[in-house]
Amino acid sequence: MTFKERTKTVFSKIWEYIKIAKVELIVLVALLAADLITKGIVCAVMQPFQRIVIIPKFFNFYFTYNPNAAFGSAFGLDKLLGKLGVKIVLLIVTALAMSFFAVFMYKTRGKHITGRLGLAMLIAGALGNFIDRLFIAEGVRDFIEIEYFGLDLPLIGSSFAVFNIADVGVTVGVVLFLVYIIFFSDFGKEKKKEEKSEYVLENGPEDFDNVDEDSVRGITDKDVSDGDKLRENVESEGEE
């Protein structure tokens, strides 16, 4: 296959994917746009480390830069690698993660909407912060601050870590993707069938009404077949 033919095949597959994955792609683009636009507005109207109180002792806009991972965590890498080292590591890890999730989103095309939306939000959030980290020397732009109603709590302080729309996308995306894996993926369905199969074996056939038909069928097909053969043998002996 020539380079031209391979390129045509790749673009053909991409176009086919776009036609069946409109919802998740729209969510991805919309979330990424919302993240970058809100960051741009904050940069235009606020100075670094400026705070605008929206709901006293609860919700503020606080413009700051985060050179670390989401919600300000550096996982101790800053002490080992310094700020530049942390930035490079986070860029590499984020690029690899986005590539992995993009392939996974392609493979889950046409499947349950929960997984597709979760992956789309994960990619959009990761890409939003990746762009900041790549092009802005100070780090990722954060501006959403949640206070604990004026309380200064042990270990966690008086407010949650300052974050942005991309961080929200990543967090919600992870939750949705876990819901998909547990309840709607092939892994989740197989796990559910195994649990119901064990229930049938432990409680006997009188509880079949409470069990999924597919699960019961997987256990009883052989028993039904053996019963039919036995019935045929008894009938043939009676005729003799």
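Numbering of residues begins at 1 and proceeds along the displayed sequence. From a predicted model like this one, the values you see are computed outputs, not experimental measurements.
For the atom pair Ile113 CD1 and Leu117 CG, the distance stands at 4.0 Å (nearest 0.5 Å). With rounding to the nearest 0.5 Å, the separation of CD1 in Ile146 from NZ in Lys57 is 16.0 Å. Atoms CZ and CG, from Phe184 and Leu176 in turn, are 10.5 Å apart once rounded to the nearest 0.5 Å. With rounding to the nearest 0.5 angstrom, the CZ atom of Phe149 is 12.5 Å from the OG atom of Ser159. How far CZ of Arg51 is from CE of Met46: 9.0 Å, rounded to the nearest 0.5 Å. Separating the OG1 atom in Thr108 from the CD1 atom in Ile181 is a distance of 9.0 Å, to the nearest 0.5 Å.
Listed for the Lys111 side chain is no donor-acceptor partner under 3.5 Å among the backbone atoms of Arg116. Judged by distance alone, with hydrogens and angles left aside, the side-chain atoms of Asp132 form a donor-acceptor pair with the main-chain N or O of Arg141 at under 3.5 Å. Put simply, the side chain of Asn60 never gets that close to the backbone of Tyr62: no donor and acceptor are under 3.5 Å apart.
Follow the hydrophobic side-chain contacts under 4.5 Å out from Val170 and you reach Val179 in the same cluster. The hydrophobic clustering, which links ILVMFWY residues whose side-chain heavy atoms are closer than 4.5 Å, places Phe130 and Leu32 together. Following chains of ILVMFWY side-chain contacts shorter than 4.5 Å, one can reach Tyr106 starting from Leu122, so the two form part of one hydrophobic cluster. Residues Tyr148 and Ile55 share a single hydrophobic cluster, defined by chaining ILVMFWY side chains whose heavy atoms lie under 4.5 Å apart. Residues Val140 and Ile136 do not share a hydrophobic cluster, defined by chaining ILVMFWY side chains whose heavy atoms lie under 4.5 Å apart.
Seen from the ring of Tyr17, Arg109 does not count as a face-on cation partner, given the 6.0 Å and 45° thresholds.
Annotation: Gln47, atom CD; neighbour count of heavy atoms from other residues, nucleotides and ligands within 6.0 Å does not exceed 12. The environment of NZ in Lys22 is sparse: at most 12 heavy-atom neighbours from other residues, nucleotides or ligands sit within 6.0 Å.
The shortest heavy-atom contact between Val42 and Phe143 is CG2-CG, 3.7 Å. Between Leu31 and Ala124 the shortest heavy-atom distance is CD2-CB, 3.7 Å. Residues Gly125 and Ala166 come closest through the heavy atom pair O-CB, 3.3 Å.
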Exercise. Would you please test Thr2 and Arg6 for side-chain contact (heavy atoms from CB on, under 4.5 Å) and show each step?
Key: CA-CA 6 Å; Thr2 64; Arg6 289 179 181 176; over 6 Å; no
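For the 3.5 Å distance criterion, the side chains of Asn129 and Asn66 fail to qualify, holding no donor opposite an acceptor.
With a 4.5 Å cut-off on side-chain heavy atoms, Ile131 and Asp35 do not count as touching. The shortest side-chain heavy-atom distance between Leu119 and Glu24 does not fall under the 4.5 Å cut-off.
Ion pairing between a basic and an acidic side chain is recognised when a charged N comes within 4.0 Å of a carboxylate O; Glu16 and Lys13 show no such pairing.
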Residues 89-105 side chain polar contacts: donor-acceptor under 3.5 Å, at least two apart:
| unit_1 | atom_1 | unit_2 | atom_2 | d |
| --- | --- | --- | --- | --- |
| Thr94 | OG1 | Leu90 | O | 2.6 |
| Ser99 | OG | Ala95 | O | 2.9 |

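Between Tyr65 and Phe63, the ring planes lie tilted relative to each other; the angle falls in the 30° to 60° range.
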